[in-house]
There are 2 protein chains.
Amino acid sequence: DTESFHLETTLVKEMMIDADKVAQVQLSNPLEHALLVLTKTGYNAVPVSNFEGKFEGIISKSNIVEAMFGLEQIEVERLQNHLVEDVMNKKVPTLQYDDIMEKALHTLIDYNFVCVVNDEEELMGIITRRQLLKQFRNKYYLD
Amino acid sequence: DTESFHLETTLVKEMMIDADKVAQVQLSNPLEHALLVLTKTGYNAVPVSNFEGKFEGIISKSNIVEAMFGLEQIEVERLQNHLVEDVMNKKVPTLQYDDIMEKALHTLIDYNFVCVVNDEEELMGIITRRQLLKQFRNKYYLD
Ligand SMILES: Nc1ncnc2c1ncn2[C@@H]1O[C@@H]2COP(=O)(O)O[C@H]3[C@@H](O)[C@H](n4cnc5c(N)ncnc54)O[C@@H]3COP(=O)(O)O[C@H]2[C@H]1O
Ligand SMILES: Nc1ncnc2c1ncn2[C@@H]1O[C@@H]2COP(=O)(O)O[C@H]3[C@@H](O)[C@H](n4cnc5c(N)ncnc54)O[C@@H]3COP(=O)(O)O[C@H]2[C@H]1O
């Protein structure tokens, strides 16, 4: 219901894509598995969790491709010998479950999506740029 | 000047990133070169032009990674033997130079960026989701 979308009152938890619909990988997965998930879904980057379900960061096709570029040529065996944990990006912004969407807008200016976590740092879902742009489009036609 | 941003009056050519600041590759480049450009810039996808400067489509890390996956294992020699033209995506939406930004909003719901072309199909620039989100943020604080 677009009427009720307001940046300062809509909560992140009301808009997010739930974790069960988010493609993710584990810290201890080999890079080959992560590349397969990214290729099958078509996404450029997905969240990473540990074996307890705690959010750890993001892994992207860029991270994996860069790891494969050796000094002289592409070193494919790096895919089998390296883990997600070795190349992922751990320093990414997150949102809290009960943040307002205004905070999401600030983060999404510089990121394609942002992960939403609860007090125990577990991944609850993600908010994407597409979701926000759809709300702006709907609001534009209603006003 | 954010005061003058209105979806129905601001023209695409007023907002776009000019072609001379856009990373691009050529149809006839080997995939290895395209992957290097994507890795060095950090972008997930860039525009492709032909030798006459005509816009041809987009190439992404996904296109290249998928081309490298052979039946059994990653076939690195495909990077040297295949060209941008063999794996790129030719069916992508474009905007005309004098379209209004409202049209850009519709396209950017489903794409990270959109290419802007002139009457001779030459690449004039790109419009990105970041640019649009920045305008929405600025408008939000002004209203
Ligand atoms: N398999 C697919 N089906 C339909 N559309 C697709 C798609 N893959 C990409 N797109 C379109 O391309 C945009 C950019 O995708 P990208 O993979 O760079 O960047 C994506 C991806 O890294 C991540 N993402 C989106 N949905 C996800 C999910 N269910 N699980 C994990 N990551 C997701 O969030 C980023 C932004 O997503 P957003 O929807 O704003 O924007 C997406 C969406 O509009
Ligand atoms: N080297 C870099 N420096 C600073 N920020 C960076 C960056 N690489 C990526 N980002 C950030 O990540 C977002 C997604 O980048 P992505 O490569 O998926 O997707 C990018 C990329 O495929 C393309 N793009 C952006 N600027 C470009 C340029 N100058 N030349 C060619 N392609 C460009 O447009 C898409 C959307 O760009 P947008 O700015 O909305 O959104 C960018 C930007 O906020």
Side-chain angles (χ1 to χ4, degrees), chain A residues 5-8 31-32 34-45 60-70 72-80 89 100-114 127-141 143, chain B residues 5-8 31-32 34-45 60-70 72-80 89 100-114 127-141 143:
Chain A
F5 176 75
H6 295 288
L7 280 173
E8 65 282 5
L31 284 187
E32 199 168 17
L35 195 56
L36 208 65
V37 168
L38 290 169
T39 304
K40 284 269 174 288
T41 58
Y43 297 129
N44 281 313
S60 69
K61 281 174 182 151
S62 302
N63 297 137
I64 300 175
V65 163
E66 266 160 52
M68 282 165 66
F69 265 89
E72 289 307 320
Q73 74 300 328
I74 304 251
E75 295 172 7
V76 179
E77 63 284 356
R78 291 194 172 182
L79 277 189
Q80 282 104 14
N89 185 352
I100 55 175
M101 278 303 290
E102 183 194 344
K103 205 169 162 194
L105 169 56
H106 285 293
T107 310
L108 291 175
I109 284 173
D110 291 311
Y111 293 87
N112 280 337
F113 71 102
V114 59
I127 296 268
T128 65
R129 281 178 161 180
R130 182 168 190 277
Q131 288 179 292
L132 200 56
L133 288 169
K134 272 171 68 179
Q135 289 298 340
F136 283 129
R137 181 195 56 192
N138 297 345
K139 234 174 134 56
Y140 170 65
Y141 283 112
D143 289 351
Chain B
F5 176 75
H6 295 287
L7 281 174
E8 65 283 2
L31 284 188
E32 197 168 20
L35 194 58
L36 209 65
V37 168
L38 290 169
T39 304
K40 284 269 176 286
T41 58
Y43 298 129
N44 281 313
S60 69
K61 280 174 184 150
S62 302
N63 297 137
I64 300 176
V65 163
E66 265 160 54
M68 282 165 66
F69 265 90
E72 289 307 320
Q73 75 299 329
I74 304 250
E75 295 173 7
V76 178
E77 62 283 359
R78 290 193 173 183
L79 277 186
Q80 282 104 16
N89 185 351
I100 55 175
M101 278 302 291
E102 183 194 345
K103 204 168 163 195
L105 169 57
H106 285 292
T107 310
L108 291 174
I109 284 173
D110 291 311
Y111 293 86
N112 280 337
F113 71 101
V114 59
I127 296 268
T128 65
R129 281 177 161 180
R130 182 168 191 277
Q131 287 178 292
L132 201 54
L133 289 168
K134 272 171 68 177
Q135 289 298 338
F136 285 128
R137 180 194 56 191
N138 297 344
K139 236 172 131 59
Y140 170 64
Y141 284 110
D143 291 351

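Letters go in sequence order (proteins before strands), and every chain restarts at 1.
Looking at A/E102, only its side chain comes within 4.5 Å of chain B, counting heavy atoms on both sides. In this structure, the portion of A/L132 lying under 4.5 Å from any heavy atom of chain B is its side chain and not its backbone. Within the 4.5 angstrom heavy-atom criterion, only side-chain atoms of A/L105, from C-beta onward, approach chain B.
Remark: A/E66 CD to B/L38 CG distance equals 10.5 Å, nearest 0.5 Å. How far OG1 of B/T39 is from CE of A/M68: 10.0 Å, rounded to the nearest 0.5 Å. To the nearest 0.5 angstrom, A/F136 atom CZ is 11.0 Å from B/K139 atom NZ. Rounding to the nearest 0.5 Å gives a distance of 11.5 Å between CG of A/L133 and NE2 of B/H106. In this structure, OH on A/Y111 lies 11.0 Å from CZ on B/R130, to the nearest 0.5 angstrom. Residue B/K61 holds its NZ atom at 10.0 Å from NZ of A/K61, rounded to the nearest 0.5 Å.
Here the closest non-hydrogen pair linking B/G42 and A/S62 is O-OG, 4.2 Å.
With sequence neighbours left out, A/N44 forms a side chain to side chain donor-acceptor pair (under 3.5 Å) with no residue at all. Annotation: side-chain contact (heavy atoms from CB on, under 4.5 Å) contacts of A/L31 (sequence neighbours excluded): A/I59, A/I64, A/A67, A/L79, A/H82, A/V87.
Counting heavy-atom pairs closer than 4.5 Å to chain B, the top-ranked of the candidates A/L108, A/L36, A/N112 is A/N112.
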